[in-house]
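Sharing a structure, written as structure tokens. Questions coming.
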Amino acid sequence: SGCYFATYEASKCMFRKKSGSDDLSFFHVLVAGGFAGWANWAWGIAPDVIKTRYQTAPEGKFKSALSVVPELYKTEGVRGFFKGLAPIALRAWPANACCMLGYELALKAMNYVVPLEEY
């Protein structure tokens, strides 16, 4: 998603400025990936909760996924839209940190095997 990659790139840019180097350490890549995972789920949890409520409701209870919103708000308030955020955030950090580290390592390996020409 746009939020995921925008957060990842913004975090990397911040770390580059602080370190004064274009090469980031494994730690910086892991932290940037973790932040990206958190940001992605912070934006994505509410639609995911609505979708899940719609899919698990008895048939005919809701006309559409959007018809879940008023009932969810009425019964659980704003907090209902963020149900499950804590365990998702705990899982998202290491999963996305490792994912982006793998991405960066694969990119370095591919650039080593087939270097990009400087323009």
When hydrophobic residues are tied together by side-chain contacts of less than 4.5 Å, even through go-betweens, does Met100 share a cluster with Leu107?
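Result: yes, single cluster for both.
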Nearest heavy atoms of Ser11 and Ala32, plus distance in Å
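The pair with the smallest heavy-atom distance is CB-CB, 3.6 Å.
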Asp48 (side chain) donor-acceptor with Gly44 (main chain) under 3.5 angstrom
no
Gap between atom CZ of Phe81 and atom CD1 of Ile50 - 0.5 Å precision
5.0 Å
Shortest non-hydrogen pair, Arg53 vs Phe62, comes out as O-CE1, 4.2 Å
Give every residue pair that meets the side-chain hydrogen bond (donor to acceptor under 3.5 Å, both in side chains) criterion with at least one member in residues 23-35, sequence neighbours excluded.
Ser25-His28
Residues in side-chain contact (heavy atoms from CB on, under 4.5 Å) with Val29, at least two apart?
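Testing Val29 for side-chain contact (heavy atoms from CB on, under 4.5 Å), a comparison that skips the adjacent residues, returns Tyr8, Leu24, Leu101, Glu104.
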Is the number of heavy atoms from other residues, nucleotides or ligands under 6.0 Å of Lys51 NZ greater than 12?
yes
Spell out, yes or no, whether Val49 and Val78 are grouped together once hydrophobic residues are joined by side-chain heavy atoms under 4.5 Å, including indirect joins.
yes
Straight-line distance of Lys83 NZ to Thr52 OG1, nearest 0.5 Å
12.0 Å
Tightest non-hydrogen contact, residues Asn40 and Cys3, listed as N-SG, 4.2 Å
Go through the structure and list residues passing salt bridge (Lys or Arg N to Asp or Glu O under 4.0 Å) with Glu9, not counting sequence neighbours.
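Per chain and number, Glu9 pairs via salt bridge (Lys or Arg N to Asp or Glu O under 4.0 Å) with Lys12.
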Pairs involving residues 63-72, ordered by first then second residue, that meet side-chain hydrogen bond (donor to acceptor under 3.5 Å, both in side chains) (sequence neighbours left out)
Lys61-Glu71
Among Ile, Leu, Val, Met, Phe, Trp and Tyr joined by side-chain contacts under 4.5 Å, find the other residues sharing a cluster with Met110 and list them by chain and number.
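Cluster partners of Met110: none, it stands alone.
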Shortest non-hydrogen contact from Leu30 toward Cys98:
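Result for this residue pair: CD2-N, 4.1 Å.
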Only pairs at least two apart or in different chains count here, so list each ring-ring contact (aromatic ring centres under 6.0 Å, His included) that has a residue in residues 91-114.
Phe35-Trp93, Trp38-Trp93
Determine, using the 4.5 Å side-chain heavy-atom cutoff (strictly less than), whether Tyr73 and Leu66 are members of one ILVMFWY cluster.
no
Test item: Ile45 and Ile88 side chains (from C-beta on) under 4.5 Å apart, heavy atoms:
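In short, these two side chains touch, coming nearer than 4.5 Å.
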Going by heavy atoms in the side chains, are Trp43 and Tyr4 under 4.5 Å from each other?
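Sidechains of Tyr4 and Trp43: no contact.
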Around Asp22, counting heavy atoms of other residues, nucleotides and ligands shown, do more than 12 lie under 6.0 Å from its CG?
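Not buried by this count: 12 neighbours or fewer within 6.0 Å.
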